[in-house]
Amino acid sequence: MGVTETPAMRFSGLGQVFQTRSGPLEALRGVEFDVARHEFVAVLGPSGCGKSTLLRMIAGLIKPTSGVVEVFGLPVDGPRDDVGIVFQKPTLLPWANIEDNVVFPAKHKTGMVSQKDRETARRIIKTVGLEGFEARMPSELSGGMQQRVGIARALFMNPDILLMDEPFSALDALTREVMGFELLRIWESQPKTVLFITHSISEAVLLADRVVVMSERPGHIIEDIKVPLSRPRDMSADNAKVLHDFTGHLRNLLLKRAA
Amino acid sequence: MTSQDISATSSSNAPLSAPTNPVALLRKLANVPGVLAAVTFALVLVVWETSTHVFAIPSFVLPAPTRILAGFDAVTTGRWLEHVWATLRIALFGYFLSIAFAVPIAVALARSPMLSKALYPILVVIQSTPVVAIAPIVIVVLGAGDAPRIVITCLITFFPIVVSTTTGLMATPPELIELSRSLKATAFREISQIRLPFAVPYIFSALKISITLAVIGAVVAEFVAAEKGIGYFIQFSTSLFKIQQAWSGLVVLVVLSLVLFQMVSFVQRLFFPWSLSKDGR
């Protein structure tokens, strides 16, 4: 990544105060970091530290109270086309089959679905490993498969930026690990800038190029650190040692604050 | 633990392979859906029939089922159909009119918290007004004819549909609303492609309640002023002290309500099968 290149995402001097019934709630304070193009950044932090708020700011769904959020050098002033979101739960449409769920963004945005849209959808369904399931209903799929559809729906508009809000936290541990490697495979086949929100240390380390560690509320960055692992990520003996040490470092960092 | 499981399974399997055992056969029969309910219903009829004879209950107090059956002969089939149609017509007209008003109002309530605050108390007042009490007033105001009967039917069916539809529209997963906003979709598409379909299970639970209420509304209107319909028939029969005839009218009403209810369920199963599964909610 060239140092001079415009970052895909930039948070500068970011603060967020929500007005709640019990008074103002400071969610974020002085958050500052960049994400380079095609970089995979994990935002790691305890529950309620404002991680998801960061993601929604990039998506243009929330305006920051103070500071600036930029995407490719321009301030975000509303929802954008070049951003795809994967939510914590798959939240598929229960009345639509898998293919219709994947083309839903086109149908919802323009009111119609072209033949080309359907071809794109089928290609993406294949990419996420669900070929042959196009005509199935969401209720016939397992949680992991449903989230694959969620990812396919986010990839459908071919966004430059993929925002993932704890996408695997509702899955069982084993499926979660499989899905992590699947995500890396998809990401390597079609590079995207990824902002991955998680509260799992090992997930952040295993997937991301960089881990941004956030504090409890009001959320601010306590560490912004490159993951010292080469790609493709695998479980070789060398990697396992580095992974263990690095994970330990992050755990100490978070536990010290929690105590 | 495991060996217990196995022995339990094998012992419950054994009678299945030997259906000659009458107790096992009965047990198997009882597991067929609907059989237990049908048997219970038949038993109730038998007890009813015999007790009216044994205790010599006068037929104006409780006519035996066979006498109620005989009550059907009081008028011709053609006349019965006329009565049924008169009631059915008002019930269905009021029901569909009610849906046509209730769903758009529910959409408006779900979209605007201010409108919701303004209208909701009025809706509760309407719902709290006993329809039986307001029926004579409505008929005096709107005169004889279909209009007051349809209004009465609307009044009784309206509220459940509005409340349930609004609840369904608000129960849409917030993530999908965020997805909609991130796609800069129009409000119309947010309603038509996300919120309304998500409300379908809620709408149908209200439609099932309201279709039986619609029959009640039509009958109440006939009690006040009518020259046709099952409600009119029951009132007319009681005024002549033909109690078993009134009972046969009641049976017709129950069957009518059941058939209508099943038809609404059938429409849901046919067009919205996904809304019956757990994921539909």
Side-chain angles (χ1 to χ4, degrees), chain A residues 52-53 55-62 76-97 100-113 136-143 146-147 150 153-154 156-157 159 161-167 170, chain B residues 103 106-107 110-111 113-114 116-117 164-165 167-207 264-281:
Chain A
S52 298
T53 308
L55 179 143
R56 278 162 177 75
M57 285 175 177
I58 292 290
L61 296 169
I62 298 178
V76 177
D77 60 354
R80 2 181 357 116
D81 290 339
D82 52 359
V83 165
I85 314 173
V86 181
F87 299 99
Q88 190 169 349
K89 285 177 280 171
T91 53
L92 306 177
L93 310 174
W95 57 87
N97 66 26
D100 289 341
N101 261 289
V102 175
V103 296
F104 181 71
K107 190 185 173 194
H108 199 55
K109 196 175 173 61
T110 66
M112 53 189 198
V113 178
R136 296 292 192 89
M137 300 304 277
S139 58
E140 300 175 280
L141 267 56
S142 68
Q146 288 190 22
Q147 194 54 292
R153 181 176 66 190
F156 174 76
M157 299 292 246
I161 292 172
L162 192 56
L163 302 174
M164 308 189 84
D165 189 6
E166 306 189 22
Chain B
V103 173
V107 169
R111 278 204 61 80
M114 218 159 86
S116 175
K117 275 183 203 145
S164 207
T165 306
T167 310
L169 291 169
M170 303 301 278
T172 309
E175 290 91 343
L176 281 171
I177 301 308
E178 286 188 326
L179 179 69
S180 176
R181 283 179 56 206
S182 78
L183 291 165
K184 288 176 276 188
T186 58
F188 176 77
R189 283 205 197 106
E190 182 196 301
I191 296 284
S192 65
Q193 294 184 350
I194 297 178
R195 286 195 188 267
L196 265 180
F198 255 103
V200 160
Y202 295 84
I203 295 174
F204 266 93
S205 56
L207 291 184
V264 176
S265 296
F266 177 73
V267 168
Q268 186 181 12
R269 270 202 304 279
L270 191 66
F271 294 107
F272 310 99
W274 56 268
S275 69
L276 296 161
S277 69
K278 269 183 283 171
D279 292 75
R281 285 254 159 200

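Below, chains carry the letters A, B, ... as their sequence lines are ordered, and counting in each starts from 1. These numbers were taken from a predicted model, which means no experiment stands behind them.
Closest of all the heavy-atom pairs between A:P94 and B:F198 is CD-CZ, 3.6 Å. Among all heavy-atom pairs drawn from A:H108 and B:S180, the shortest one is NE2-OG, 2.7 Å. The minimum heavy-atom distance between A:T110 and B:R189, with the atom names listed, is O-NH2, 3.2 Å. When all heavy atoms of A:F87 and B:E178 are compared, the pair lying nearest together is CE2-OE1, 3.3 Å. Minimum heavy-atom separation, A:K107 to B:Q193: O-NE2, 3.4 Å. Looking at every heavy atom in both residues, B:P173 comes nearest to A:T91 through CB-CG2, 4.0 Å.
Contact of A:R153 with chain B is made through the side chain alone, with heavy-atom distances under 4.5 Å. For A:I85, the part lying near chain B is the side chain, with the backbone staying farther off; criterion is any non-hydrogen pair under 4.5 Å. Within the 4.5 angstrom heavy-atom criterion, atoms from both the backbone and the side chain of B:P197 approach chain A.
Residue with the most contacts toward chain B among A:Q88, A:K109, A:R80, A:K89: A:K109 (heavy-atom pairs, distance under 4.5 Å). For the options A:G60, A:A59, A:G111, heavy-atom pairs under 4.5 Å to chain B are most numerous at A:G111.
The CZ atom of A:F104 sits 4.0 Å away from atom CD1 of B:I194, with the distance rounded to the nearest 0.5 Å. Distance CG/A:L93 to OG1/B:T172: 10.5 Å, rounded to 0.5 Å.
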* Apply the test side chain to side chain contact (heavy atoms under 4.5 Å, CB included) to residues A:M157 and B:L183: give CA-CA distance (whole Å), side-chain angles for both, the deciding distance (0.1 Å), then the verdict. => CA-CA 10 Å; A:M157 299 292 246; B:L183 291 165; 4.0 Å; yes

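Within a 6.0 Å radius of CE in B:M170, no more than 12 heavy atoms belonging to other residues, nucleotides or ligands are found.
Judged by distance alone, with hydrogens and angles left aside, the side-chain atoms of B:R181 form a donor-acceptor pair with the main-chain N or O of A:L61 at under 3.5 Å.
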